[in-house]
Enquirer: 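My questions will all concern the structure given below.
Computed from a predicted model, the values in this text were never measured in an experiment.
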Amino acid sequence: MRLIGEAEIDAALTPDRMVDALAAAFRAGATAPTRHHHAIETAPDGASLLLMPAWTPDYVGVKILTLFPGNPARGLDTIQGGVLLCDGRDGRPLALLDGARLTLWRTAAASALAARHLARPDAARMVMVGSGALAPALVRAHAAVRPIRDVAVWNRRPQGAERLAAALSVEGLNAYPVTDLAAAVGQADLVSCATLATEPLVRGAWLRPGTHLDLVGAFTPAMREADDEALRRGPVYVDTPDALKKGGDVAVAIQSGALTPEAIVGDLASLCRGEAPGRRSPDEITVFKSVGAAIEDLAAAAAVWESLTQHRA
């Protein structure tokens with residue numbers, strides 16, 4: 001069994017390749033049982049274990065994550081784990097891949113896949129809300145599917161926005177920090193949010209016609225990145241139906257009655273199969289909410305494996 005770390009994952013993937021791999025996976029489908037979430041009662045700080053399995057005729061995969069809230073005090077990341085990839089024909093373990101790195105790639109690619117269907121083809125101005133580890137991956141992924149020319153970066157702590165903008169500028173993007181989020185959103189073609197906010201950051205009143213809103217953070221019901229009005233401004237799409245009952249934003253709005261389940265027009269599978277409409281007019285506002293899915297982990301792990309081994313199942 002091969003151990004595949006961050007450097008090999010980065011070498012094996014490009015944003016375009018990852019988006020195409022997810023598109024193929026959602027078109028084909030996979031078996032993905034309900035994720036398992038277990039409390040680790042032997043740990044002193046409320047730790048938990050998350051298991052996300054999925055399989056196709058070619059591959060079997062499971063993401064194994066541990067969440068130890070006390071880790072930052074030890075100089076460690078809260079989330080640790082990996083993705084185990086096995087041969088779908090005989091069950092042989094093929095590789096164990098770095099879970100955090102693979103998650104960055106597949107999460108960003110899922111948003112870009114949605115943008116391929118939902119953002120205006122000429123979308124050039126992007127606002128990145130948040131400056132954490134996922135933010136640069138989201139910018140690169142969106143820039144791979146749309147002609148992003150300018151990237152305004154906003155973060156609750158301005159220093160974070162400044163650092164990310166500087167790093168993106170080195171990569172050749174016209175990126176710059178902003179402090180007025182309302183003004184930046186009002187000029188954007190694409191707004192992507194990846195934060196841990198517990199109160200809405202993006203207001204529906206700020207969105208101009210034609211904007212695509214990408215909501216990636218808010219992974220618990222206690223979190224919000226956009227207000228109810230933003231969700232009601234246009235058709236809403238999700239990565240999988242899990243987003244209707246898990247995470248923040250869409251699930252919270254449905255539970256409160258601010259949004260009806262019928263407002264959800266489609267998911268990535270229906271978009272990729274042509275069963276749900278994508279963007280229907282240049283002035284339409286579109287909203288996409290992701291909560292993550294095991295099929296994405298499996299597709300990403302398989303893409304890395306096939307790239308590194310030059311083997312296609």
Side-chain angles (χ1 to χ4, degrees), residues 22-23 26-27 29 32 34-35 107 110-121 123 126-127 129 138 142 145-146 181-182 185-186 188-195 197-293 295-296:
L22 285 191
F26 277 108
R27 280 194 300 269
T34 302
R35 64 185 70 184
T107 304
S111 285
L113 177 57
R116 181 184 279 178
H117 292 273
L118 302 175
R120 287 172 54 125
M126 177 177 178
V127 173
V129 183
L138 282 164
H142 283 300
V145 299
R146 286 296 182 264
L181 182 58
V185 169
D189 302 313
L190 194 159
V191 180
S192 184
C193 303
T195 72
T198 56
E199 297 291 336
L201 297 171
V202 175
R203 306 288 173 178
W206 301 346
L207 299 171
R208 69 175 182 174
T211 301
H212 173 60
L213 177 59
D214 173 43
L215 302 171
V216 184
F219 54 85
T220 76
M223 297 177 176
R224 288 296 298 263
E225 292 190 309
D227 66 3
D228 292 339
E229 179 61 21
L231 300 179
R232 290 193 292 253
R233 287 295 304 274
V236 177
Y237 300 78
V238 295
D239 56 350
T240 70
D242 276 351
L244 277 67
K245 54 185 182 295
K246 295 181 179 177
D249 289 320
V250 169
V252 171
I254 289 176
Q255 185 175 15
S256 72
L259 197 70
T260 66
E262 291 73 29
I264 311 305
V265 176
D267 56 21
L268 287 179
S270 59
L271 282 170
C272 291
R273 295 170 185 164
E275 298 166 354
R279 170 171 289 274
R280 289 170 285 197
S281 74
D283 290 337
E284 186 176 50
I285 292 173
T286 53
V287 180
F288 174 71
K289 171 59 184 169
S290 65
V291 296
I295 187 176
E296 298 166 3

Enquirer: Just do the side-chain contact (heavy atoms from CB on, under 4.5 Å) check on R35 and D242 with the steps written out, would you?
Expert: CA-CA 10 Å; R35 64 185 70 184; D242 276 351; 4.3 Å; yes
Enquirer: I want to check something: taking the side chain as every heavy atom from C-beta on, are P221 and Q255 in contact at a cut-off of under 4.5 Å?
Expert: no
Enquirer: At what distance, to the nearest 0.5 angstrom, does CZ of R116 lie from OG of S111?
Expert: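 Answer rounded to 0.5 Å: 13.0 Å.
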Enquirer: Within this structure, what is the CH2-CG distance for the pair W206 and D227, rounded to the nearest 0.5 Å?
Expert: 8.5 Å
Enquirer: Given side chains that start at C-beta, do those of V127 and L181 come closer than 4.5 Å, heavy atoms only?
Expert: yes
Enquirer: Give the minimum heavy-atom separation between H212 and T286, together with the two atoms involved.
Expert: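 Here H212 and T286 meet closest at ND1-OG1, 2.8 Å.
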Enquirer: With a 4.5 Å heavy-atom cut-off, do L113 and F26 have their side chains touching?
Expert: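 Yes, side chains in contact.
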Enquirer: Between L215 and V202, does the side-chain contact (heavy atoms from CB on, under 4.5 Å) criterion hold? Intermediate values first, please.
Expert: CA-CA 10 Å; L215 302 171; V202 175; 5.7 Å; no
Enquirer: Looking at every heavy atom in both L231 and R224, which two are closest together, and how far apart are they?
Expert: CD1-NH2, 4.0 Å
Enquirer: Rounded to the nearest 0.5 Å, how far does CZ of R273 lie from CG of L271?
Expert: 11.0 Å
Enquirer: Check L138 against A194 and note the closest heavy-atom contact, atom names and distance.
Expert: CD1-CB, 3.6 Å
Enquirer: Rounded to the nearest 0.5 Å, how far apart are CG of D267 and SG of C272?
Expert: 9.0 Å
Enquirer: Give me the atom names and distance for the closest heavy-atom approach of L22 to A110.
Expert: CD1-N, 3.4 Å
Enquirer: Can you tell if the side chain of V252 reaches within under 4.5 Å of the side chain of D228, non-hydrogen atoms only?
Expert: no
Enquirer: Quick one: closest heavy-atom pair of V250 and K289, and the distance?
Expert: CG2-CB, 3.7 Å
Enquirer: Counting only heavy atoms not in E199, do more than 12 fall under 6.0 Å of its CD?
Expert: no
Enquirer: Would you confirm whether R232, through its side chain, and G204, through its main-chain N or O, come within 3.5 Å as a donor-acceptor pair?
Expert: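 Checking the backbone N and O of G204 against the side chain of R232, no donor-acceptor pair under 3.5 Å is found.
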Enquirer: Would you say H142 and L190 make side-chain contact, with heavy atoms under 4.5 Å?
Expert: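 Yes, close enough: below the 4.5 Å cut-off.
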Enquirer: Is there a donor-acceptor pair under 3.5 Å between the side chain of D189 and the backbone N or O of R120?
Expert: no
Enquirer: Give a yes or no answer on whether the side chain of R203 reaches the backbone of A182 with a donor-acceptor pair at less than 3.5 Å.
Expert: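 Checked: no pair found.
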Enquirer: Please report the interatomic distance CE(M223) to OG1(T198), rounded to the nearest 0.5 Å.
Expert: 8.0 Å
Enquirer: Would you give the length of the straight line joining atom CG of D283 to atom OG1 of T211, rounded to the nearest 0.5 angstrom?
Expert: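 Taking CG in D283 and OG1 in T211, the distance rounds to 10.0 Å.
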Enquirer: Got L268 and T240 here, is their nearest side-chain heavy-atom distance under 4.5 Å?
Expert: no
Enquirer: Check step by step if side-chain contact (heavy atoms from CB on, under 4.5 Å) holds for D239 and F288.
Expert: CA-CA 8 Å; D239 56 350; F288 174 71; 3.8 Å; yes
Enquirer: Where the side chain of E229 meets the backbone of A205, is there a donor-acceptor pair that is under 3.5 Å apart?
Expert: no
Enquirer: Please report the closest heavy-atom contact between S192 and M126, naming both atoms and the distance.
Expert: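 Nearest heavy atoms, S192 then M126: CB-CE, 3.7 Å.
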